[in-house]
Amino acid sequence: GAIEDQDNETVALNCYRPSVAKSAEPSHVVTYTWELTKTANVSEVHVFEGAGEVVTYTIAAARDSGTPGSWAVSGLVTVTNPHPTAAIPVSALSDSLSGIGAVMLNCGVASVVPANGSLTCSYTRALPDGASRVNEAKVELYGRTYTGTAGFDFVFGAAEKINETLKVTDTYATIPDFSISGTRAYTRTLVCADEFGEGEYGNDGSVSKDIKNLAVGRGNDTGAIEDQDNETVALNCYRPVVTKTANGSYGTTYDWAIKK
C-alpha cells in the first residue's frame, strides 16, 4: 500500500475577456425664423418744388425662439482583444440605441479584431426627436456578453444655429445685420426736384407720387427670404401758379379849325 511514485503536471490556464469602449456625440440644429416690419414717421409730405422734407424710416426685426430639429448621434466603438493569438470576428460586435434598436457599425474592411490588438468602428444615426438615450455596444463571444455604454442628452446651447442672424437689404440705406430682435432707423430727405421735372406739374401747380421703400430680410445661413415689408410715403409737391393780364389802351386827340 505504499506509494511507489507520483508525478504532477501543471497547465497554466490563461483567460481573456475583450473590453468595449464607446462614445456618443449628439448633434442637432436650431432654426430661427424672422419677421420684418417697416414704418415711416409720416404717411405723406407736402413741400414746395425747391424744398424737401426729412422722413424717418424704422425697420423692426423680430426673431422667434428657434425650432430644434435634425437630431442625430455619432461616435466610436473600440474593442480591445487581449488574447495573444485568437482574433475576434467582427460579426460578434453589435450596437443599439435605447428606444431605437440596432445601429449599423462601420468597421471599414476589417473582418476581425486582431489578437493582442484593437479595432475601432464608427456609427451615425438620425433620430426622430431630442429625447435622452443610451447607446450600447456589445461583443458576444462564447456565450458571454461584453458591453460598453454611453448616454447622451441634447443641449440647446450646443446646437448648430441656422439663420441666427438676419441680413437686410433696403431700397435706400445700408442696414447692419440683426443678431437679436431689435430696430434700425435712418432718415431720408424727400426732395421734389429729385422726383419730378418742371413739365410734370399740373395746371394747378401740383404733382404727387408714392415713394416706395422696401426692406427684405434673408437668413444669413440659407440666404432665403424670411420676410419683407414695404412702406409708402406720398410726396406732394407744389409750385406757385402765376397768371397776369395785359389790356392795352389809347386816346385820340382832335384839332379843330373855326371859320366865320
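Just so you know, these numbers use all the heavy atoms, side chains as well, and skip hydrogens, waters and symmetry mates.
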Donor-acceptor check, side chain of [X] to backbone of [Y], threshold 3.5 angstrom: yes or no?
X	Y	value
Glu226	Trp34	yes
Thr171	Leu214	yes
Asn41	Thr56	yes
Arg239	Glu198	yes
Arg133	Gly99	no

Is [Y] close to [X] at the side-chain level, that is, under 4.5 Å between some pair of heavy atoms?
X	Y	result
Glu195	Ile211	yes
Ser96	Glu136	yes
Thr147	Val20	no
Thr10	Asn8	yes
Ile162	Glu164	no
Ile225	Val216	yes

If only side-chain N and O atoms count, and only distance matters, is there a donor-acceptor pair under 3.5 Å linking [Y] with [X]?
X	Y	value
Asp153	Ser132	yes
Tyr123	Asn135	yes
Thr222	Asn163	yes
Asp64	Thr33	yes

Show your working on side-chain contact (heavy atoms from CB on, under 4.5 Å) between Glu53 and Leu190 and close with a plain yes or no.
-> CA-CA 5 Å; Glu53 184 165 329; Leu190 302 186; 5.6 Å; no
With clusters defined by side-chain heavy atoms of hydrophobic residues (ILVMFWY) lying less than 4.5 Å apart, directly or transitively, does [Y] cluster with [X]?
X	Y	answer
Val139	Val112	no
Val54	Val191	no
Tyr146	Val113	yes
Leu119	Val109	no
Tyr32	Ile59	yes

Determine the minimum heavy-atom distance between [X] and [Y], stating which atoms define it.
X	Y	answer
Cys192	Val47	SG-CG2, 3.1 Å
Leu76	Ser122	CD2-CB, 3.8 Å
Arg17	Pro82	O-CG, 3.4 Å
Val79	Pro18	CG1-CB, 4.4 Å
Ala110	Val90	O-CG2, 3.6 Å
Leu36	Gly217	CD2-N, 3.5 Å

Which residue pairs pass the side-chain hydrogen bond (donor to acceptor under 3.5 Å, both in side chains) test with at least one member in residues 69-79, sequence neighbours excluded?
-> Thr78-Thr120
How far does [atom1] of [X] sit from [atom2] of [Y], to the nearest 0.5 angstrom?
X	Y	atom1	atom2	result
Arg63	Ser181	CZ	OG	6.5 Å
Ser208	Phe196	OG	CZ	6.5 Å
Asn220	Thr165	CG	OG1	4.5 Å
Leu93	Cys121	CG	SG	5.5 Å
Glu140	Ile88	CD	CD1	12.5 Å
Tyr16	Asn116	OH	CG	9.0 Å

More than 12 heavy atoms from other groups under 6.0 Å of CZ on Phe48 | no
Lys161 charged N/C atom sitting above Phe156 aromatic ring, 6.0 Å / 45° | yes
Identify whether NZ of Lys or CZ of Arg in Arg184 sits under 6.0 Å from the centre of the six-membered ring of Phe178 and within 45° of that ring's axis.
-> yes
Would Leu127 and Ile100 count as a side-chain contact (heavy atoms from CB on, under 4.5 Å) if you check the C-alpha gap in whole Å, the side-chain angles of each, and the deciding distance to 0.1 Å?
-> CA-CA 8 Å; Leu127 301 172; Ile100 299 295; 4.1 Å; yes
Among Val207, Val45, Asp210, Val55, which residue meets the side-chain contact (heavy atoms from CB on, under 4.5 Å) test with Leu235?
-> Val45
Output yes when Asp170 and Lys38 qualify as a salt bridge under the 4.0 Å nitrogen-oxygen rule, no when they do not.
-> yes
Go through the steps to decide whether Val168 and Leu166 satisfy the test side-chain contact (heavy atoms from CB on, under 4.5 Å), and finish with yes or no.
-> CA-CA 6 Å; Val168 177; Leu166 186 72; 4.0 Å; yes
Residue pair Asp95, Arg125: steps toward the salt bridge (charged side-chain N to carboxylate O under 4.0 Å, His left out) verdict | CA-CA 11 Å; Asp95 193 55; Arg125 182 66 157 80; over 6 Å; no
His46 vs Tyr238 aromatic rings, parallel, tilted or perpendicular, using cut-offs 30° and 60°?
-> parallel
Under the side-chain contact (heavy atoms from CB on, under 4.5 Å) rule, what do Tyr57 and Asn213 come out as? Steps first, then yes or no, please.
-> CA-CA 9 Å; Tyr57 293 96; Asn213 192 341; 3.5 Å; yes
